[in-house]
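Labels below follow one simple rule: chain letters A, B, ... track the order of the sequence lines, proteins then strands, and each chain is numbered from 1. When reading the values below, keep in mind they use all heavy atoms of this one structure, side chains included, and skip hydrogens, waters and symmetry mates. Nothing here was measured: the structure is a model prediction, and the numbers come from that model.
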2 protein chains.
Amino acid sequence: MSKPTSHSSPPGARERIVLTALKLFYQDGIRATGIDKIIAESGVAKMSFYRHFPSKNDLIAEFLRRRHEVWMQRFTEAVETKLAQGSGGLEIIADVLRHWFDDPDFRGCAFINTLAETPLPESQQHQIIRDHKASLESYITDLATRLGSPAPQTTASAAMIIIEGTIIRAHMGADPTVCDTCKDLLKRISRSQRKPNESSVKRNEPPLLPGL
Amino acid sequence: MSKPTSHSSPPGARERIVLTALKLFYQDGIRATGIDKIIAESGVAKMSFYRHFPSKNDLIAEFLRRRHEVWMQRFTEAVETKLAQGSGGLEIIADVLRHWFDDPDFRGCAFINTLAETPLPESQQHQIIRDHKASLESYITDLATRLGSPAPQTTASAAMIIIEGTIIRAHMGADPTVCDTCKDLLKRISRSQRKPNESSVKRNEPPLLPGL
DNA sequence: ACACAGATAGACAGACCTGTCTCATCATCA
DNA sequence: TGATGATGAGACAGGTCTGTCTATCTGTGT
């Protein structure tokens, strides 16, 4: 339907708008980025903008969808490459994240950031954000399955917590060693596995190290 | 200096402003909350506002400082109470978080949210946010020490990742079982301890469950 | 040559936002 | 009583934001 999105040389008006939004919304935040700025930077007339996107919200939704596409594409590609090199288990995710954090334009997770800017949980934006994270978790579940995890769902659920936390800490400007800590955590959850709901309270496990 | 902040019955203009900011900034976000709204809701004249806070940024800074105070106070108090009941190790943090998430007004971490709304890492706001997280990590390091952790710094660093990640997932509207997963993760890091840089690859630990 | 579709340029409306300014009110204390 | 200082109410300026509208230009196919 409509335009072929990847065709040839000069990007059309709509594509230029989306590309500019991809950059500015991520860089400065959604509320801080005015339509006028996007219009100016993408070299498009205001009417052209509103022809393609009836309101700013429509552009925000498209921004999130496109960001999802390119982020997932890059992430899975990087993971699969490392995996094909046989360089480890689930913990290779930490290396992929580290590479992302090294990008000078890194400014945290676009979805987490947008979540923080969007109060209403019923909004379309929240839905797209949830879909993105569900998609990521689903991929990691698949990954855990392929790596032979006995409880891939549980592993993925724990991995999501670790990933989100690491992204946040990196965004906060934490020490680069967060990625080491992240890697260590990922190793742990992919080696020993246990379902958190199954009587995890009264399990009798000897502490590996003295104290408490 | 200046006013005694907790004295008696009717809160003064400044205190009402801060209280309203505490509510609205957290609820709707900083950019989305206009000065006019804060003024109206706190029943204060505009000039009174600008006498106490020369600019909105000053109020934002005060908001973050106060939020830090009340959040840390509640958090540490809840943790210490559970600790005094002898109900476990570091993983009691998961229970404290769960209680927080159950608050119907829960809308994620005010500091993470503000971080997402604030592009410049050099800004005063980022500084206060970093200070808050450093303070939290410091408390958890102390906690780990008291619990007999052989490497409290490392434990705290890992715990921070897990905590931030859990908060994010809860804010995303994740399954309530995130807290179980969080608890499980915290248990792991407080029981077996290892510095991530010290040959963590070739340690030989038997998996608790079969597979990989 | 002509029509048409899509783009550009930019004025404009109406709302909202931050911050300034004036004037009236009220409590306290000397 | 009268001075002082903090506050309340609200007009105002100047800027920015989203979204609408008109008028002009350009390329393409017939």
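Computed from coordinates, the A:K56 NZ to C:dA15 P distance equals 19 Å when rounded to whole Å. Residue A:F49 contributes atom CZ, which lies 8 Å from atom P of D:dT18 at whole-angstrom precision. The CG-P distance, from B:L24 to C:dC17, rounds to 12 Å in whole Å. The interatomic distance linking B:E15 (CD) with D:dT7 (P) rounds to 12 Å, in whole Å.
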Are any protein N/O atoms closer than 3.5 Å to N/O atoms in nucleotides 8-10 of chain D? If there are, list each pair with its distance.
residue: D:dG8; atom: OP1; partner: B:R16; partner atom: NH1; Å: 3.4
residue: D:dG8; atom: OP1; partner: B:R16; partner atom: NH2; Å: 3.0
residue: D:dG8; atom: OP1; partner: B:G43; partner atom: O; Å: 3.3
residue: D:dG8; atom: OP2; partner: B:A45; partner atom: N; Å: 3.3
residue: D:dG8; atom: OP2; partner: B:S48; partner atom: OG; Å: 3.3

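Contact check, A:H52 against C:dA7: a side-chain N or O comes under 4.0 Å of OP1 or OP2.
Judged as a salt bridge (Lys or Arg N to Asp or Glu O under 4.0 Å), and not counting sequence neighbours, B:E69 has no contacts.
Side-chain contact between A:L22 and A:L19 is present, with heavy atoms from C-beta onward closer than 4.5 Å.
Residue A:R65 qualifies as enclosed at atom CZ: its count of foreign heavy atoms under 6.0 Å is above 12. Within a 6.0 Å sphere centred on CD of B:Q153, other residues, nucleotides and ligands contribute 12 heavy atoms or fewer.
Near DNA chain C, meaning a heavy atom under 4.0 Å away, there are no residues from residues 29-40 of chain A.
Under the 3.5 Å distance criterion, with hydrogens and angles disregarded, a donor-acceptor pair is assigned to the side chains of A:T118 and A:Q125. Under the 3.5 Å distance criterion, with hydrogens and angles disregarded, a donor-acceptor pair is assigned to the side chains of A:T177 and A:D175.
Taking CG of A:L59 as the start and CZ of A:F49 as the end, the distance is 4.5 Å to the nearest 0.5 Å.
Comment: B:R14 engages B:E62 in a salt bridge, judged by a side-chain N to carboxylate O separation of less than 4.0 angstrom.
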